[in-house]
Structures are given as C-alpha cells and as structure tokens.
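In what follows, a single structure is set out as structure tokens and then discussed.
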Amino acid sequence: MSIKLAPTIELSNGQQMPVVGLGTWCSYDNDAEKAVKDAIDIGYRHIDTAFVYENEHEVGRAIKAKIAEGKIKREDMFVVTKLGGIHHDPELVEHACRKSLNNLDLGYIDLYLMHFPVAQAYKGDENVHGTGQFTDTDYVDTWKAMEKLVDLGLVKGIGLSNFNSQQTERVLQNCRIRPVVNQVECHPAFNQKKLIEFSRQRQIVITAYAPLARPRPAQKWPAFLYDETAQSLAKRYNRTTAQISLRYLIQLGVIVIPKSVRKERIAENFNCFDFELSSDDMKVMERYNSGRRLIPFTGMSHHKYFPFGIEF
C-alpha cells in the first residue's frame with residue numbers, strides 16, 4: 001500500500017520542500033532515532049535538526065536505516081540542519097558544516113540554516129551551546145562563508161533562522177546566493193503574519209518552529225488547543241485541535257515542523273494537509289494571535305544583532 005506524502009513548496013532555488021516536517025529539538029538518543037524512523041514510515045520526508053540539538057548522529061542513522069530497508073532513497077528526503085552560534089567566524093563555517101555532514105553521514109545537506117544572527121565565542125566544538133561569551137562577528141560575513149558551501153556541493157540550499165525583517169533585508173542586499181527560508185517561532189498565538197508577508201514578497205519561505213507552542217496539557221494551555229472555540233472547530237472538521245492549528249499555519253503559506261517522539265502524535269501531526277479551513281474559520285484562528293513570543297532568547301538581548309527588538 002502506498003503512503004501519502006505531504007505536498008511541497010518550491011523554494012526560490014528550485015528545491016521542493018515538504019510542508020510538514022518532523023522537528024527534533026529535545027529528542028535524544030533512541031527516542032530521536034525511533035521518532036525519525038516512525039516519521040518516515042508514516043510519510044514524512046522532511047526532518048529538521050541542528051548542531052546544537054546534539055542528535056544529528058541519530059537522525060542520520062535513522063534515515064540510513066530506512067534507505068537500507070528500501071523504504072526510501074536519499075533523494076526522497078529533505079534534511080535540514082543548522083550552523084551553531086559558536087561557528088559564525090567565517091573561518092569555521094566549512095568546518096562546522098563538515099562536522100554536521102559527518103554526524104549525519106548522508107552525503108549532503110538539503111538545507112543549511114544560520115541558527116541565530118548572534119555569534120558566540122568559539123571554545124571548541126564540544127562547547128555546543130557556547131559559554132555565554134558573544135562576539136561581534138557580522139552575520140553577513142558568516143552568510144558569505146555559507147554561500148561557499150553551496151559552491152562546494154556540501155549543501156543544496158542555505159537559509160536563516162530567527163532573523164528579523166531588517167536583518168533579512170541586509171542579507172539580501174549583500175548576498176550572492178539568496179536565503180530560501182527563515183525558520184522562526186510561529187503558531188496561532190504568535191502568527192508572524194507581517195514577517196510571512198515581508199518574506200513572501202522576497203521569495204523567502206517561513207518555517208514554523210514550535211507550531212503548537214509547546215503545549216502544557218495540565219494547564220490547558222495554549223488556548224488554541226484547549227478552549228471551547230478550538231474544540232468546536234476541531235469537532236466540525238472531524239480533526240484534532242492540533243491538526244486545525246497546523247492547517248491554519250499551512251494556509252498562511254508556512255512550513256510546519258511539529259516535534260514529537262510518540263508515534264501516534266507524529267502521525268496525528270502529519271494528517272493536516274488533506275482538508276481546508278474556510279476563510280471564516282481562518283479568521284476565528286486569527287483571534288488567538290497575541291503578538292507575544294513564547295521563546296524570547298532574553299539571554300542574548302544585549303547583543304547588537306539581537307533580532308527581537310523590533311516588531312518583526
């Protein structure tokens with residue numbers, strides 16, 4: 001029996017990126033490997049990881065196992081990983097990419113993102129999350145070093161993560177190879193519509209991390225998953241509130257990467273692209289937008305390249 005695959009969005013460089021991917025932040029060891037294997041069996045072809053997640057080995061191992069089974073080919077998969085803050089020095093960018101390539105062991109990276117515009121001091125690769133020391137390395141210089149990775153065939157596409165509109169525009173004004181994606185916090189309570197439209201006009205696709213806002217079931221939070229309106233909407237479409245929320249984002253033109261290590265939840269999150277919300281129900285979902293970030297990165301707020309000091 002053939003499995004259903006997610007539709008794709010064509011990026012400005014011609015790559016086809018599936019609209020639903022598996023997020024792997026805080027997925028470790030056997031959990032990460034099993035989650036990726038389960039996701040591939042369900043139909044996911046887009047897996048998102050990062051150097052700082054410390055699970056590239058497991059992600060790569062899971063994909064290779066499914067290739068060995070004959071379930072997929074390498075070219076079927078869209079694998080995203082990210083350049084960590086400790087590797088922003090242009091002299092370290094290729095080194096960092098090759099380290100991620102070695103961890104994944106998949107031959108090439110489909111999409112390589114600059115994880116954050118703020119650079120951290122390099123004290124060795126083992127200091128994955130940095131040491132709390134920052135540097136003034138210009139993200140434009142980092143970007144120019146990332147462009148060389150495309151030239152070398154190490155990565156197919158390059159993009160941004162956690163960049164605001166002004167920083168994105170500055171990269172666009174100084175680049176040879178355009179960013180194809182900006183991965184940012186985006187969910188119904190922080191819908192990023194202004195950044196989505198700004199990016200769309202520049203042929204940059206937004207990928208939503210934390211698209212379900214890291215739910216807290218005991219507190220019945222966030223409202224867009226638990227309140228009466230959300231429940232009523234889900235009932236009308238015969239879907240879950242999570243599926244309604246993911247569908248809302250997809251209809252805004254966003255790629256979603258919900259994270260889970262539970263097979264039933266991974267499957268539930270995937271089942272969000274074969275129905276459509278009405279324009280009225282899109283407006284209902286719009287009411288959940290508060291404009292407040294869930295993940296403010298306040299520890300970097302003093303840095304000159306901190307991205308969240310402006311509206312979008």
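Values in this document were obtained by computation on a predicted structure and should not be read as measured data. Keep in mind that the numbers below use all heavy atoms, side chains included, and drop hydrogens, waters and symmetry copies.
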Would you say E91 has more than 12 foreign heavy atoms packed within less than 6.0 Å of its CD? no
Evaluate the side-chain proximity of K235 to Q231: yes if any heavy-atom separation is below 4.5 Å, no if none is. no
Is the shortest heavy-atom distance from the side chain of Y237 to the side chain of D281 under 4.5 Å? yes
Under the side-chain contact (heavy atoms from CB on, under 4.5 Å) test, residues paired with D41 that sit two or more places apart: K66, K71
Residue pairs, two or more places apart or on separate chains, that pass side chain to side chain donor-acceptor pair (under 3.5 Å) and touch residues 294-308: none
Kindly compute the distance separating OG1 (T168) from CG (N182), expressed to the nearest 0.5 Å. 4.5 Å
Measuring centre to centre across the rings, with the benzene-like ring taken for any Trp, is Y139 within less than 6.0 Å of F163? yes
T241 side chain to A234 main-chain N or O, any donor-acceptor pair under 3.5 Å? no
Tell me whether E75 at atom CD has more than 12 heavy atoms from other residues, nucleotides or ligands lying less than 6.0 Å away. yes
Over 60° means perpendicular and under 30° means parallel, so classify the ring planes of F190 and H187, tilted if in between. tilted
Heavy-atom check, side chain of V36 versus side chain of E58, under 4.5 Å: no
Cut-off 3.5 Å, side chains only: do D125 and H95 have a donor facing an acceptor? yes
Using a 6.0 Å cut-off, check whether atom CG of N238 has over 12 heavy atoms from anything other than its own residue. no
Hydrophobic clusters join Ile, Leu, Val, Met, Phe, Trp and Tyr when side-chain heavy atoms are under 4.5 Å apart, directly or via other members; which others share one with F51? W25, V52, Y53, I86, L92, Y122, V128
Hydrophobic clustering (ILVMFWY, side-chain heavy atoms < 4.5 Å, transitive) - are L152 and I158 grouped together? yes
Among residues at least two apart in sequence or on other chains, which ones pass side-chain contact (heavy atoms from CB on, under 4.5 Å) with Q166? N164, I310
Should Y28 and V79 be regarded as members of a common hydrophobic cluster, given that ILVMFWY residues are connected when their side-chain heavy atoms come within less than 4.5 Å of each other, either directly or indirectly? no
For the aromatic rings, using the six-membered ring if either is Trp, is the centroid distance between Y44 and F270 under 6.0 Å? yes
Apply salt bridge (charged side-chain N to carboxylate O under 4.0 Å, His left out) to the pair K82 and D48, showing each step before the final yes or no. CA-CA 9 Å; K82 308 177 190 80; D48 182 271; 2.7 Å; yes
OG on S245 to CG on N191, rounded to 0.5 Å: 11.5 Å
Indicate every side-chain donor-acceptor pair of residues 196-207 with a distance under 3.5 Å to a residue at least two apart or in another chain.
{"residue": "E197", "atom": "OE1", "partner": "R200", "partner atom": "NE", "Å": "2.9"}
{"residue": "E197", "atom": "OE1", "partner": "R200", "partner atom": "NH2", "Å": "3.4"}
{"residue": "E197", "atom": "OE2", "partner": "R200", "partner atom": "NH2", "Å": "2.5"}
{"residue": "E197", "atom": "OE2", "partner": "Q201", "partner atom": "NE2", "Å": "3.0"}
{"residue": "S199", "atom": "OG", "partner": "L195", "partner atom": "O", "Å": "2.7"}
{"residue": "R202", "atom": "NE", "partner": "E169", "partner atom": "OE1", "Å": "2.6"}
{"residue": "R202", "atom": "NH1", "partner": "F198", "partner atom": "O", "Å": "2.9"}

Is the closest side-chain donor-acceptor distance between T49 and N55 under 3.5 Å? yes
Rounded to the nearest 0.5 angstrom, the NE2-OG distance for H87 and S100 is 8.0 Å
Q173 vs V140 side-chain heavy atoms within contact, under 4.5 Å: no
Have R178 and N13 got a donor and an acceptor in their side chains that come within less than 3.5 Å? no
If you measure from the Lys or Arg side-chain nitrogens to the Asp or Glu carboxylate oxygens, is any gap between D138 and K144 under 4.0 Å? no
If you compare all heavy atoms of P179 against all heavy atoms of L172, which two are closest, and at what distance to 0.1 Å? CD-CD2, 3.8 Å
More than 12 foreign heavy atoms under 6.0 Å from CG of D151: is that the case here? yes
P211 to P188 - nearest heavy-atom pair and separation: O-CD, 3.6 Å
Closest heavy-atom pair and its distance - S12, V180: OG-CG1, 3.4 Å
Please evaluate residues M285 and L249 with respect to the criterion side-chain contact (heavy atoms from CB on, under 4.5 Å), reporting the C-alpha separation (whole Å), side-chain torsions for both, the decisive distance (0.1 Å), and the verdict. CA-CA 10 Å; M285 292 301 295; L249 296 176; over 6 Å; no
Between D38 and R265, does at least one N-O distance fall below 4.0 Å, as a salt bridge requires? no
Shared ILVMFWY cluster between V254 and L294, side chains joined below 4.5 angstrom? yes
As an exercise, state the distance from NZ of K64 to CG of D105, rounded to the nearest 0.5 Å. 3.5 Å
Check: I255 and H46 side chains under 4.5 Å, non-hydrogen atoms: yes
Within the distance-only criterion (no hydrogens, no angle test), does the side chain of R74 pair as donor or acceptor with the backbone N or O of I67 below 3.5 angstrom? no
Are any of the side-chain heavy atoms of N289 and E286 separated by less than 4.5 Å? no
d(K259 NZ, R214 CZ) to nearest 0.5 Å is 9.0 Å
Ignoring hydrogens and angles, tell me if any N or O in the side chain of D227 forms a donor-acceptor pair with the backbone of A230 under 3.5 Å. yes
Using the side-chain contact (heavy atoms from CB on, under 4.5 Å) rule, take L160 and W143 through it: C-alpha gap first, then chi angles, then the decisive distance, then the call. CA-CA 9 Å; L160 309 170; W143 181 261; 3.6 Å; yes
Do I47 and I42 belong together in a cluster built from hydrophobic side chains that touch within less than 4.5 Å? yes
Could you check whether any side-chain N or O of D31 sits under 3.5 Å from a backbone N or O of S27, counting only pairs where one atom can act as donor and the other as acceptor? no
Between N162 and Y209, a side-chain donor and acceptor under 3.5 Å: yes
Within-4.5 Å side-chain heavy-atom neighbours: N271 and K4: no
E268 backbone acceptor or donor facing Q243 side chain under 3.5 Å: yes
Around R292, counting heavy atoms of other residues, nucleotides and ligands shown, do more than 12 lie under 6.0 Å from its CZ? no
K156 atom NZ, over 12 foreign heavy atoms within 6.0 Å: no
Honestly curious: do Y108 and V150 fall in one hydrophobic cluster under the side-chain, below-4.5 Å linking rule? no
Could you walk me through whether D76 and K73 pass side-chain contact (heavy atoms from CB on, under 4.5 Å), step by step? CA-CA 5 Å; D76 297 332; K73 297 174 182 173; 3.6 Å; yes
When rounded to the nearest 0.5 Å, the distance separating CZ of R61 from CG of N103 is 10.5 Å
Side-chain donor-acceptor contacts of residues 111-120 below 3.5 Å, not counting sequence neighbours, with atom names and distances?
{"residue": "Y112", "atom": "OH", "partner": "C97", "partner atom": "N", "Å": "3.4"}
{"residue": "Q120", "atom": "NE2", "partner": "H129", "partner atom": "O", "Å": "3.1"}

Taking the side chain as every heavy atom from C-beta outward, state whether D110 and M17 have any atom pair closer than 4.5 Å. no
Between L5, I250, L246, which is the residue that forms a side-chain contact (heavy atoms from CB on, under 4.5 Å) with V20? I250
Could you tell me whether the side chain of S161 and the main chain of Q183 form a donor-acceptor pair under 3.5 Å? yes
Working note: T8 + R45, criterion side-chain contact (heavy atoms from CB on, under 4.5 Å); need CA distance, chi angles, decisive distance, verdict. CA-CA 10 Å; T8 61; R45 295 296 180 264; over 6 Å; no
